[in-house]
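We count ligands from 1, going down the list as the structure has it; atoms in each ligand are counted the same way.
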Amino acid sequence: MADMAGGGAMKSDDNVKRPHIVVIGAGFAGLNFCKSFPGDMARITVLDRQNHHLFQPLLYRVATAGLSAVDIAQPIRAILNRKPNLEVLMTEVTGIGLGTRTIRHATGRLSYDYLVLGLGGVTGYFGHDEWARFAPGLKTLDDALLIRRRILRAFEQAETESDTAQRQALMMIVVVGGGPTGVELSGAIAELAKVALARDFRRIDPRQARIILLEGGPRVLATFPEALSIHAQRALEKLGVEVNTVARVTRCDNEGVIVNDQRLPAGTVIWAAGVAASLAAQWVGAAGDRAGRAQVEADLSVPGKPEIFIVGDTAAVTNVDGSPVPGIAPAAKQAGRYVAQVIAAAVQGTPRPAPFRYRHYGNLATIGRHEAVIDFGRFTLSGGLAWWVWGIAHVYFLIGMRHRFLVAAQWMFSYLTFGRGARLIAGSEGDVRIRPKDVAPMR
Ligand SMILES: Cc1cc2nc3c(=O)[nH]c(=O)nc-3n(C[C@H](O)[C@H](O)[C@H](O)COP(=O)(O)OP(=O)(O)OC[C@H]3O[C@@H](n4cnc5c(N)ncnc54)[C@H](O)[C@@H]3O)c2cc1C
C-alpha cells in the first residue's frame, strides 16, 4: 500500500508549507468546492472512483436512448486542469483514520489538513438489497446503460418470442417510485416504446407495451403542490403510462414484482423509489438521519471535527429558517462553494463566514417530450412553457459549450421527429432474463 502522506507527486518545499485539502467526490458539491476555492493558498487533491463528473439530472435520457453517455459526462481532469495547485486521483475511498488525519483508498493513504466529503448517495432498497439485481436504480452511467440495454433487449426478445404470455411480460416495464426520477423515466419510456420504436418491429407492436408506474404514497411528485401532481399524473396517462398510487412493492425477482399482493410479470423493472447516503456519516462517527445522511453544524463541519466538512447529498442540512435542505444539484453546488469560503477563511486566519444559507430556486420535473411541472414556491408553472424553462435550465447547467450544443441539438432533433438516436444494445453485464416457464398470468 503506497503511503502518499501529504499528496504524493505534488510534493515540494512550498507545497509542504501549504495546507492540504482532500476532496472526496467530484460531483456537484466537490467540483464546485474546487472551482471556487480561491488562489493557490492550499494544495487540493480530489479523489473520485469515476474519472468523470456526471450530470445526473439527464441520466434518464441516457437510460431511454435519448442521449449518449458522453453527452452528460465529462472527465474530471479536463474540468479542473487549469488549477496548478490541484491534482486528481481516480480511486475508491474506503475509510478515514480520524486520529491520524488520513484517508484510506484503494491503492494507498493520503493525509489531510482539511477534508471535504461529497460522496453523494446510493440507491436505497429499504433493506432489500437483494432486489438490486432485478430492479436497477439510476445513479450512475453504468446504471443508465444497463437500464437502456434491458429495455431494448426486452423488445428484441419479444420479437422472437412465440408464447403470448411471455411476450406480454417482456413488453411490460415497471418503474417503482413516483418521484421526479420515476415520473421522468416512465414518461420517456412510454414515448420510446409507443412512438420511437413503433415502426421498427414486424411481429410485435411496441405501442402495446405496458409501462406501469408504481408509487407507494397517494400521489406522484409528493414534494410538489398537489395540483402539479395531478397535472403530472394526467400527462403521464396521456402518454400511455399506467399510474398506480398507494402501491406497495413487497418483492422484486426475475419474474417481475409483487405489488399489493399481486404479481406483475415484467421483463424490465426499474427502481426509482429510494436514496440512501454514502458511508461518510459512519466514517466520521456523525449521527445520521433516516437515510444515513450525516448531521452537520451550521457551517457544514462535522460536530467536534472542525477540519472535516460534509457537502451535498451526503449531509442532512437544516437551513437557517429550520427547513431541510433538499438533495438536489443546486443545494450541493451552494454547499461546495460555501465550504470553499469557510476553509479559505480558516487558512487565511480571517473570521468564519456566517452559517450556510441555502437559496431555493424551484423544483422541476419533466414528463415526456413537451410537458413539465415547476414549483417556484411563490407560483407554479406547467405544460409546454414549463418544458421550455426546464430544457433551457438543464442545457445551461451542463458543463462545457460542447455538451450544451450537443444536448440542445439532440433535443431539437427528438422534439421535431420523436427520434431516439442512442438505441444501441452493447455489453451484457448485469443482464437478468425472466424465466419463461415461471411467468404467472396476471391475477
Ligand atoms: C436520476 C437522477 C436525477 C436527478 N435529477 C435532478 C434534477 O432534475 N435536478 C436536481 O437539482 N437534482 C437532481 N438530482 C439530484 C442531484 O443529481 C444530486 O442532488 C447531486 O448530484 C448531489 O451532488 P453531490 O456532489 O452530493 O453528489 P454526486 O453528484 O452524486 O457526486 C458524488 C461523487 O462521489 C463519488 N464517490 C462516491 N463514493 C465514492 C468513494 N467511496 N470514493 C471515491 N469517490 C466516490 C462519485 O463517483 C461521484 O462522482 C438527480 C439525481 C438522480 C440520481
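With Arg49, His52, His105 as candidates, the residue nearest to atom 45 (C) of ligand 1 on a non-hydrogen basis is Arg49. For atom 51 (C) of ligand 1, the choice among Gln56, Glu184, Arg293 with the nearest heavy atom turns out to be Gln56.
Every atom of ligand 1 is numbered from 1 in the order shown, and the set under 4.0 Å from a heavy atom of Gly25 is 33 (C), 34 (O), 35 (C). Each of the atoms 53 (C) of ligand 1 lies under 4.0 Å from some heavy atom of Lys139. The atoms of ligand 1 that sit less than 4.0 Å from any heavy atom of Pro330 are 11 (O). Within the listing of ligand 1, atoms 25 (O) sit less than 4.0 angstrom from a heavy atom of Ala29. Annotation for ligand 1: atoms under 4.0 Å from non-hydrogen atoms of Ala332 are 22 (C), 23 (O). For ligand 1 and Thr181, the ligand atoms under 4.0 Å from any heavy atom of the residue are 1 (C), 2 (C), 3 (C).
Interatomic distance, Glu307 CD to Tyr114 OH, rounded to the nearest 0.5 Å: 8.5 Å. Expressed to the nearest 0.5 Å, how far CH2 of Trp390 lies from CD of Glu371 amounts to 12.5 Å.
Counting heavy atoms under 4.0 Å from ligand 1, residue Asp313 touches it through both backbone and side chain. If you look at Pro57 next to ligand 1, the close heavy atoms, those under 4.0 Å, come from the backbone and the side chain alike. Using a 4.0 Å cut-off between heavy atoms, His394 contacts ligand 1 through its side chain alone, with no backbone atom that close. Of the heavy atoms in Val275, none comes closer than 4.0 Å to ligand 1.
In this structure, the protein non-hydrogen atom closest to atom 1 (C) of ligand 1 is Leu138 O, 3.5 Å. Shortest contact from atom 37 (C) of ligand 1 to any protein heavy atom: Leu119 O, 3.2 Å. In this structure, atom 41 (N) of ligand 1 lies nearest to the protein heavy atom Val93 O, 3.1 Å. At the top of the distance list for atom 27 (O) of ligand 1, counting protein heavy atoms only, stands Gly120 CA, 3.2 Å.
No side-chain donor-acceptor contact under 3.5 Å links Asn244 and Glu215. Using a 3.5 Å distance cut-off with no hydrogens or angles, the side chains of Ser111 and His20 do not pair a donor with an acceptor. With 3.5 Å as the limit, one finds no donor-acceptor pair spanning the side chains of Arg43 and Asn85. Between Asp299 and Ser301, the side chains place a donor N or O and an acceptor N or O closer than 3.5 Å (distance only, hydrogens not considered).
Note: no N/O pair closer than 3.5 Å links Trp283 and ligand 1 by distance alone. Considering backbone and side-chain N/O of Gln50, none are found under 3.5 Å from N/O of ligand 1. Residue Phe28 has at least one N or O atom closer than 3.5 Å to an N or O atom of ligand 1. Annotation: Gly121 places no N or O atom under 3.5 Å from an N or O atom of ligand 1; distance criterion only. Taking distance alone, with nitrogen or oxygen atoms compared against 3.5 Å, Gly327 approaches ligand 1 more closely than that limit. Some N or O of Asp48 is nearer than 3.5 Å to an N or O of ligand 1, by distance alone. Taking any N or O of Gly312, backbone or side chain, none lies under 3.5 Å from an N or O belonging to ligand 1. Inclusion of Ala329 in the set of residues having an N or O under 3.5 Å from an N or O of ligand 1 is warranted.
Shown here for Leu213 and Leu236, the closest heavy-atom pair between the two residues is CD2-CD1, 3.7 Å. For the residue pair Phe224 and Leu228, the shortest heavy atom distance occurs at CD2-CD1, 4.0 Å.
Scored by the side chain to side chain contact (heavy atoms under 4.5 Å, CB included) test, Ile258 finds Thr250, Arg251, Arg263 as partners (sequence neighbours excluded).
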Scan the side chains in residues 308-319 for donor-acceptor partners under 3.5 Å anywhere in the protein, sequence neighbours excluded, and list what turns up.
| from | atom 1 | to | atom 2 | distance (Å) |
| --- | --- | --- | --- | --- |
| Thr314 | OG1 | Leu119 | N | 3.2 |
| Thr314 | OG1 | Gly120 | N | 2.9 |
| Thr314 | OG1 | Gly120 | O | 3.1 |
| Asn319 | OD1 | Tyr358 | N | 2.8 |
| Asn319 | ND2 | Tyr358 | O | 3.0 |

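Each of Leu197, Ile425, Ile189, Leu146 was scored for a side chain to side chain contact (heavy atoms under 4.5 Å, CB included) with Ile151, with one residue passing: Ile189. If you run side-chain hydrogen bond (donor to acceptor under 3.5 Å, both in side chains) between Asp71 and each of Arg61, Arg404, Gln410, only Gln410 comes through.
Aromatic pair His403/Phe55: ring centres not closer than 6.0 Å.
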Show the numbers, then the answer: is there a side-chain hydrogen bond (donor to acceptor under 3.5 Å, both in side chains) between Thr94 and His105? CA-CA 5 Å; Thr94 52; His105 59 89; over 6 Å; no

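Within the structure, the closest approach of Gly118 to ligand 1 falls below 4.0 Å when heavy atoms are considered.
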